[in-house]
S.K.: 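Supplied in structure tokens, the structure appears directly below.
Below, chain A is the first sequence line, B the second, and so on; all start at residue 1. Heavy atoms only: backbone and side chains are in, while hydrogens, waters and symmetry mates are out.
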2 protein chains.
Amino acid sequence: MTVIDSTPVTSPPVDACVSAGAAHPRPDGQDRYTISEVAEFTGLRAHTLRWYEQIGLMPHVERSHTGQRRFDNRDLDWLAFVGKLRLTGMPVADMVRFAELVHRGEATYGERQDILEQTRHEVATRIAALQDTLAVLDAKINFYAGARQAPERA
Amino acid sequence: MTVIDSTPVTSPPVDACVSAGAAHPRPDGQDRYTISEVAEFTGLRAHTLRWYEQIGLMPHVERSHTGQRRFDNRDLDWLAFVGKLRLTGMPVADMVRFAELVHRGEATYGERQDILEQTRHEVATRIAALQDTLAVLDAKINFYAGARQAPERA
DNA sequence: TAGAACCTTCAAGTGCACTTGAGGCAAGTG
DNA sequence: CACTTGCCTCAAGTGCACTTGAAGGTTCTA
């Protein structure tokens with residue numbers, strides 16, 4: 001019985017951390033992707049994907065009999081999550097540390113929770129700062145718009 | 001009559017762009033600051049402030065009779081705005097371009113408005129993405145919390 | 001009047017996150 | 001069977017935003 005995608009099953013219950021909730025639209029009902037397929041799908045370059053693996057951010061990807069990488073849906077989930085973390089501004093080194101915790105299994109749940117709570121806090125702070133910025137931008141945009149509509153008022 | 005701060009007056013109506021709305025808490029009722037005062041106030045290093053001026057991101061700062069920089073409240077406003085732009089992820093080169101538009105005066109209002117509207121759009125998009133990320137983080141945090149509270153459920 | 005604590009310019013260095021290039025193997029096509 | 005395409009590894013290069021350092025002038029405090 002092969003995994004056919006559709007709903008996020010995550011059959012091996014060993015470590016459900018990787019399933020990122022409502023999955024992104026998968027290419028199709030398969031489970032083995034070449035590096036260029038993954039590159040197109042994630043927006044990352046093939047070189048970057050290899051580099052991720054090299055530094056330990058992308059844990060060991062399966063290989064074909066000729067040594068080429070074959071990514072599966074779990075890998076895609078992990079990359080989607082990494083993309084989210086990247087969005088938060090988390091340094092790559094920290095993501096690698098998190099990846100190591102995931103690799104070490106259930107024993108690190110607590111530590112992982114702590115890290116994500118810290119990250120959550122930072123993200124919330126960042127959102128607030130950006131909303132502040134939005135207000136400043138709006139004020140300036142309004143100023144410019146007003147100045148253009150009433151240009152002769154010296 | 002010297003500018004005493006309080007409400008954003010911006011007496012010379014030439015270019016009100018710099019007044020960033022509700023001003024940050026000013027050091028005190030003065031209007032001439034040394035570079036180290038500005039450094040402490042903004043969190044930027046003195047070297048960075050000189051570099052900003054050098055690349056055209058900090059338009060000409062006044063000098064004392066001995067040639068030392070004397071920043072005023074307008075400069076502080078500008079730096080606060082630059083800080084906001086930096087938060088949005090705008091590259092320094094783009095900020096320099098904006099600074100040049102400001103320097104060229106009213107004729108560039110339209111162009112400036114366009115840039116800020118574009119930036120506004122990007123910031124809004126970014127906020128949405130971060131809120132998405134927040135949801136993912138919450139899901140994972142809950143997963144970890146749940147797994148710790150009910151650890152014996154193989 | 002001495003020394004600390006500032007300031008100046010010019011230039012090279014740092015850290016991060018990739019990016020690019022070289023050289024080569026393996027599978028499919030006319 | 002040559003050729004193109006796609007993958008591999010290893011190593012060096014790039015771009016950005018500062019950061020640090022060197023060498024020297026000026027101003028404030030004791």
Side-chain angles (χ1 to χ4, degrees), chain A residues 27 30 32-72 75 78-100 119 122 126, chain B residues 27 30 32-58 60-72 75 78-100 119 122 126 129:
Chain A
Q30 57 172 326
R32 283 170 74 80
Y33 314 96
T34 66
I35 198 166
S36 60
E37 285 170 329
V38 176
E40 182 173 11
F41 187 58
T42 59
L44 298 167
R45 324 246 332 231
H47 264 100
T48 304
L49 289 167
R50 290 190 203 103
W51 177 68
Y52 274 12
E53 191 181 357
Q54 183 191 324
I55 63 174
L57 180 51
M58 178 77 234
H60 293 97
V61 178
E62 279 223 70
R63 301 296 180 116
S64 73
H65 68 104
T66 53
Q68 298 193 349
R69 287 173 185 80
R70 290 296 178 260
F71 295 76
D72 62 20
D75 295 329
W78 173 253
L79 285 172
F81 179 55
V82 165
K84 294 287 185 198
L85 289 185
R86 207 163 40 122
L87 244 147
T88 69
M90 181 186 283
V92 165
D94 291 5
M95 294 192 235
V96 170
R97 232 162 283 138
F98 191 87
E100 280 160 4
T119 303
E122 287 163 14
R126 191 168 189 69
Chain B
Q30 57 172 325
R32 283 169 76 81
Y33 313 96
T34 65
I35 198 167
S36 59
E37 284 171 328
V38 176
E40 181 173 13
F41 187 56
T42 60
L44 298 167
R45 323 241 340 225
H47 264 99
T48 304
L49 288 167
R50 289 187 205 105
W51 178 67
Y52 274 11
E53 190 180 356
Q54 184 190 321
I55 64 174
L57 180 51
M58 179 77 234
H60 293 96
V61 178
E62 279 223 72
R63 301 296 180 117
S64 73
H65 68 105
T66 54
Q68 299 192 350
R69 285 173 187 81
R70 291 294 178 260
F71 295 77
D72 61 21
D75 295 328
W78 173 253
L79 285 171
F81 178 56
V82 165
K84 295 286 185 200
L85 289 185
R86 207 163 40 122
L87 242 147
T88 70
M90 181 185 284
V92 165
D94 291 5
M95 295 191 234
V96 170
R97 232 162 284 136
F98 191 87
E100 280 161 4
T119 303
E122 287 162 14
R126 191 168 190 70

S.K.: Quick check: does any side chain N or O of A:Trp78 sit under 3.5 Å from a backbone N or O of A:Leu57, one acting as donor and the other as acceptor?
M.R.: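 Such a contact is found between A:Trp78 side chain and A:Leu57 backbone.
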S.K.: Tabulate below the donor-acceptor pairs under 3.5 Å that side-chain atoms of residues 38-48 of chain B make, not counting sequence neighbours, or state none.
M.R.:
| unit_1 | atom_1 | unit_2 | atom_2 | d |
| --- | --- | --- | --- | --- |
| B:Thr42 | OG1 | B:Val38 | O | 2.8 |
| B:Thr42 | OG1 | B:Leu44 | N | 3.1 |

S.K.: For nucleotides 14-18 of chain C, print each protein N/O atom paired with a nucleotide N/O atom at under 3.5 Å, atom names and distance only.
M.R.:
| unit_1 | atom_1 | unit_2 | atom_2 | d |
| --- | --- | --- | --- | --- |
| C:dA17 | OP1 | A:Val92 | N | 3.3 |
| C:dA17 | OP2 | A:Val92 | N | 3.3 |
| C:dC18 | OP1 | A:Arg86 | NH1 | 3.4 |

S.K.: For A:Glu62, give me all partners under side chain to side chain donor-acceptor pair (under 3.5 Å), at least two apart in sequence or on another chain.
M.R.: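 Per chain and number, A:Glu62 pairs via side chain to side chain donor-acceptor pair (under 3.5 Å) with no residue.
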S.K.: Once salt bridge (charged side-chain N to carboxylate O under 4.0 Å, His left out) is applied, do any residues pair with A:Arg97, and if so which ones, sequence neighbours excluded?
M.R.: A:Asp94
S.K.: Determine the minimum heavy-atom distance between B:Val61 and B:Phe71, stating which atoms define it.
M.R.: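 Heavy atoms of B:Val61 and B:Phe71 come nearest at CG2-CE2, 3.7 Å.
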S.K.: If the sugar-phosphate is the primed atoms plus P, OP1 and OP2 and the base is the rest, what is the B/S/- string for nucleotides 1-10 of chain D, using protein heavy atoms under 4.0 Å?
M.R.: ------SSB-
S.K.: Which ranges of DNA chain C pair up as stems, where a stem means three or more consecutive Watson-Crick or G-U pairs with both distances under 3.5 Å?
M.R.: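 Counting only runs of 3 or more consecutive pairs, the stems involving DNA chain C are C:1-30 with D:1-30.
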S.K.: Test of understanding: with side-chain contact (heavy atoms from CB on, under 4.5 Å), list the residues that count as partners of A:Thr34, not counting sequence neighbours.
M.R.: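 Checked A:Thr34 against side-chain contact (heavy atoms from CB on, under 4.5 Å); matches are A:Ser36, A:Glu37, A:Arg70.
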S.K.: Using atom CD1 of B:Ile55 as one end and atom P of C:dT9 as the other, report the distance to the nearest whole Å.
M.R.: 15 Å
S.K.: Which pairs pass salt bridge (Lys or Arg N to Asp or Glu O under 4.0 Å) with one or both residues in residues 82-93 of chain B, sequence neighbours excluded?
M.R.: A:Asp132-B:Lys84
S.K.: List in chain and number order the residues that pass salt bridge (charged side-chain N to carboxylate O under 4.0 Å, His left out) with A:Glu53, two or more places apart in sequence or in another chain; answer none if no residue qualifies.
M.R.: A:Arg63, A:Arg69
S.K.: Only one of A:Met58, A:Arg32, A:His60 clears side chain to side chain contact (heavy atoms under 4.5 Å, CB included) with A:Asp75; which?
M.R.: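 Only match with A:Asp75 under side chain to side chain contact (heavy atoms under 4.5 Å, CB included): A:Met58.
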S.K.: Applying side-chain contact (heavy atoms from CB on, under 4.5 Å) to A:Ile35 and A:Arg50, what does each step give before you reach the verdict?
M.R.: CA-CA 9 Å; A:Ile35 198 166; A:Arg50 290 190 203 103; 3.5 Å; yes
